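First up is the structure itself, then whatever we jot down about it.
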Amino acid sequence: MRSTHGTPSWLGAVNDRVGLSALLDHGPLTRNRICELVGVSKPTASMMMNRLIAAGAVEERGQVSGGSGRNATLYAARTDRPLGVAIAIDAHELRASVVDAAGGERPVVRTVLPGDAAARSAVGEVAAAIRDASAAAGTDPDEVHTICIGTAGYVDPGGEGALFSETLPGWPTTGLRATLEAELGVVAFIENDVNLAALAERETGAGVDRDVFALLWLGNGVGASFDVAGDLHRGTFGGAGEIGFLPLSVAARQLDDAAHTSQDLVGAVAVERLAAAQGLGADDYRGTIDAIAASPDRDLIIDRLGERIAHISLALLATLDPGLLVLAGPTVAVGGPRLAEAVERDIRRLSRWYPDVVATHVEGDAVLAGARAFLTAKVRDELLGTVAQLTM
């Protein structure tokens with residue numbers, strides 16, 4: 001078979017992908033600017049844009065004044081297709097947003113979830129999320145080819161794809177991904193919420209330019225994620241970082257007689273117990289967080305919680321030995337930098353490790369942000385794969 005490498009069709013394919021990538025990265029560009037960024041001649045840039053327009057991947061978007069008095073055409077990548085939908089689900093709410101190949105911001109739709117498992121439906125909830133997110137973004141739901149669902153727990157990548165999650169009542173416990181793909185006609189990814197939060201941290205937060213870091217999620221549940229040079233370590237069975245049910249050390253048990261696991265020591269119930277010990281009452285975890293934030297005893301509660309977090313962090317530090325430990329989740333939102341300082345101080349007091357400990361730098365919904373980043377790469381690859389097909 002004759003190789004196509006170096007032939008006009010192969011070079012055209014490479015140029016088209018690079019040109020489209022430049023438009024996705026930089027937004028609308030003139031032909032001259034495309035030449036500068038891609039390193040091609042003006043005739044080559046014109047041929048590239050003509051091919052991409054014919055393929056439906058690029059469109060002309062007005063003109064700008066040129067230096068010689070002549071107007072220059074602006075070329076822009078079409079981001080109305082293909083599309084993805086990023087979904088984040090917790091125990092109470094589903095949040096969804098359309099994702100395009102450029103990673104542009106789209107509206108987030110929120111759906112309150114029923115507490116009754118009999119009223120829940122994986123296919124129905126995801127289908128509604130695709131429909132509602134598309135309506136909010138003004139895009140065609142039929143152009144959604146890929147989805148990413150971030151949720152507590154994980155799906156075993158082997159066997160029947162068993163689902164291990166306590167926040168998805170009424171959803172299939174096996175074959176979830178295959179069911180969604182068959183019923184909805186999309187490629188579905190089900191990702192652990194803490195892994196997605198770490199992905200967001202790598203993209204725009206404290207993990208930018210860091211070689212190795214661990215992220216510890218503190219909310220209703222407790223979990224961890226490991227980022228090694230930009231790659232998330234998920235484990236053979238998808239359960240890396242599921243530390244909530246790990247038994248406590250003898251020293252950690254002494255901090256709370258009622259605690260037997262990491263979840264017991266720093267999860268939602270533990271935060272509620274710490275608040276109650278200071279006379280703070282609330283109906284639930286969210287109310288407790290608000291009460292702590294407004295309490296004159298906030299710093300005392302945060303410092304006590306920091307010592308507990310330091311104890312459960314030791315297993316992560318002994319396993320990965322990261323230079324950075326990122327704290328994230330609803331509990332961290334109320335603790336902030338003071339909580340990070342308390343955890344760092346107590347880690348150094350309790351152990352031989354001395355990582356930097358910081359509160360998350362990601363603003364807003366870290367799980368949805370991570371799902372968006374994950375999907376942007378998938379949708380971008382799909383779009384780039386549709387242009388300039390090689391002739392073998």
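All values reported here derive from a predicted model rather than from experimental measurement. Residue numbers start at 1 and run along the sequence shown.
With hydrogens and angles ignored, the 3.5 Å screen pairs no side-chain donor or acceptor of Thr139 with any backbone N or O of Asp80. Without hydrogens or angle criteria, Glu344 side chain to Val357 main chain gives a donor-acceptor distance under 3.5 Å. Of the possible polar contacts, one joining the Glu125 side chain to the Ser121 backbone as a donor-acceptor pair under 3.5 Å is found. Checking side-chain atoms of Arg202 against main-chain N and O of Gly207 turns up a donor-acceptor pair under 3.5 Å.
For the side chain to side chain contact (heavy atoms under 4.5 Å, CB included) test with Asn192, the passing option among Leu196, Val194, Ile190 is Val194; the others fail.
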task: Please step through side chain to side chain contact (heavy atoms under 4.5 Å, CB included) for the pair Asp156 and Phe237, ending with a clear verdict.
output: CA-CA 5 Å; Asp156 189 333; Phe237 305 108; 4.2 Å; yes

message: For Glu201 and Arg210: C-alpha separation, side-chain torsions, deciding distance, then whether salt bridge (charged side-chain N to carboxylate O under 4.0 Å, His left out) applies.
response: CA-CA 10 Å; Glu201 209 71 52; Arg210 297 299 293 248; over 6 Å; no

task: Tell me, with the steps shown, if Arg338 and Asp299 meet salt bridge (charged side-chain N to carboxylate O under 4.0 Å, His left out).
output: CA-CA 8 Å; Arg338 184 181 182 92; Asp299 289 349; 3.7 Å; yes

query: Could you walk me through whether Val187 and Glu181 pass the side chain to side chain contact (heavy atoms under 4.5 Å, CB included) check?
result: CA-CA 6 Å; Val187 177; Glu181 291 183 340; 3.8 Å; yes

Test log, rule salt bridge (charged side-chain N to carboxylate O under 4.0 Å, His left out), inputs Asp284 and Arg286: CA-CA 6 Å; Asp284 55 21; Arg286 293 181 179 181; over 6 Å; no

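Between Leu23 and Met49 the shortest side-chain heavy-atom distance falls below 4.5 Å. No side-chain heavy atom of Leu274 sits under 4.5 Å from any side-chain heavy atom of Thr288. Side-chain atoms of Val222 and Ile243, non-hydrogen and from C-beta on, do get closer than 4.5 Å to each other. Between Thr331 and Ile289 there is a side-chain heavy-atom pair separated by less than 4.5 Å. Glu307 has its side chain within reach of Leu255: a pair of non-hydrogen atoms, C-beta onward, lies under 4.5 Å apart. Side-chain contact between Leu74 and Thr30: present, with at least one pair of heavy atoms (C-beta onward) separated by less than 4.5 Å. With a 4.5 Å cut-off on side-chain heavy atoms, Asp90 and Asn220 do not count as touching. Leu248 places none of its side-chain heavy atoms less than 4.5 Å from the side chain of His311.
Summarising the geometry of Val326 relative to Thr360, their closest heavy-atom pair is CG1-CA, 3.9 Å, with the distance given to 0.1 Å. Between Val126 and Ile149, the shortest heavy-atom distance links the atoms CG2-CD1, 3.8 Å. Between Thr79 and Ala102, the shortest heavy-atom contact is CG2-CB, 3.9 Å. The two residues Pro82 and His145 have their closest heavy-atom pair at CB-ND1, 3.5 Å.
A salt bridge is absent between Arg304 and Asp297: the closest approach of a Lys/Arg side-chain nitrogen to an acidic carboxylate oxygen does not fall below 4.0 angstrom. Of the charged side-chain nitrogens involved, at least one lies within less than 4.0 Å of a carboxylate oxygen, so that Glu191 and Arg234 count as a salt-bridged pair. Taking 4.0 Å as the cut-off between side-chain N and carboxylate O, Arg345 and Glu341 do not count as a salt-bridged pair. Lys378 and Asp381 are not joined by a salt bridge, as no carboxylate oxygen comes within less than 4.0 angstrom of a charged side-chain nitrogen.
Legend: ring pair (Phe, Tyr, Trp, His ring centres under 6.0 Å) pairs involving residues 337-378, not counting sequence neighbours, sorted by first then second residue: Phe189-Phe374. Among pairs with a residue in residues 364-377, those fulfilling side-chain hydrogen bond (donor to acceptor under 3.5 Å, both in side chains) read Arg95-Asp365, Ser97-Arg372, at least two apart in sequence or across chains.
In the displayed structure, Glu36 atom CD is contacted under 6.0 Å by more than 12 heavy atoms of other residues, nucleotides or ligands.
The cluster map of Ile, Leu, Val, Met, Phe, Trp and Tyr, joined by side-chain heavy atoms under 4.5 Å apart, puts Phe213 and Trp217 in the same cluster.
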